[in-house]
Amino acid sequence: MGATKRRAEVASEMAEVRASISVSLDGFVAGPNDSRENPLGDGGKRLHEWIYDLASWREVHGLEGGQTDRADEIFAESIENVGAVVMGRRMFDNGEGPWGDEPFEGHWGEDPPFGVPVFVLTHHERAPLELGETTFTFVTDGLEVALERATEAADGADVSTAGGARTIQQCVEAGVLDELEVHIAPVLLGDGIRLFERSAHAGTELERTRVVESPGVTHLQFRVGHSSA
């Protein structure tokens with residue numbers, strides 16, 4: 001089966017594939033020098049300052065209180081009707097090589113906020129990891145297989161492409177991303193991990209469907225079309 005036909009079938013089987021991510025004004029989703037100890041890179045935490053006090057964000061992290069404004073509604077929408085998550089290895093633990101004898105269990109503690117199956121793209125096999133109500137399954141067969149498994153697990157709900165940047169890029173390149181929401185923080189990082197590389201996505205059509213301003217961030221929502229290249 002040809003790659004183009006297979007990608008089309010994968011896309012048609014899904015309810016929606018969505019991505020929501022914070023970026024700097026100069027296009028970075030993390031600062032330089034990211035590591036397990038510094039997962040967002042130098043200055044990267046500033047990209048997410050708008051989210052930490054939101055009631056909906058605090059709720060999924062087991063915290064009480066928080067602000068209930070338009071930004072809170074937007075974050076709540078981003079996790080609504082999500083039945084499974086796909087993420088890259090780098091987002092899981094900022095790693096690249098073999099897992100080792102005592103593999104790191106990720107950045108989210110004993111009770112991760114996902115609460116749905118999470119499929120992690122990796123080149124190295126690892127047994128599934130259960131933490132709280134979240135099971136991380138490590139997929140070595142590539143993006144299309146991860147999306148297939150996530151779609152099956154979601155059982156009619158949407159699939160969230162949580163990141164990082166390369167995973168979102170792959171979804172755009174494969175023509176399977178339906179919706180992209182970018183939260184632009186008024187910060188210039190200067191270096192780090194870009195959401196999109198300069199030439200990898202030429203010809204991709206984006207239809208802007210929403211622009212919302214809130215304190216400390218501007219929310220842009222797009223429907224993602226197919227490449228005309």
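Note that the numbering runs from 1 along the sequence shown for the chain.
Annotation: salt bridge (charged side-chain N to carboxylate O under 4.0 Å, His left out) contacts involving residues 29-48, sequence neighbours excluded, comprise D34-R90, R36-D93.
Within a 6.0 Å radius of CD in Q67, more than 12 heavy atoms belonging to other residues, nucleotides or ligands are found.
Here the CZ atom belonging to R223 is positioned 11.0 Å from the CG atom belonging to L180, to the nearest 0.5 angstrom.
The closest side-chain heavy-atom distance from M87 to F114 is below 4.5 Å.
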- Test side-chain hydrogen bond (donor to acceptor under 3.5 Å, both in side chains) applied to E213 and T218, step by step: CA-CA 5 Å; E213 296 181 10; T218 300; 5.6 Å; no

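Contact between D158 and A154 at its shortest, heavy atoms only, is O-CB, 4.0 Å.
Here T134 pairs with nothing under the side-chain hydrogen bond (donor to acceptor under 3.5 Å, both in side chains) rule; sequence neighbours left out.
Aromatic rings from H48 and W57 are positioned such that their centres are separated by 6.0 Å or more. Taking the ring centroids of F104 and W99, they lie at or beyond the 6.0 Å cut-off.
Aromatic ring orientation, F136 versus W108: parallel (interplanar angle below 30°, classes split at 30° and 60°).
H124 and T140 share no donor-acceptor pair across their side chains, judged by distance under 3.5 Å alone.
Between E80 and R18, none of the side-chain N atoms (NZ, or NE/NH1/NH2) sits under 4.0 Å from a carboxylate O, so this pair counts as no salt bridge.
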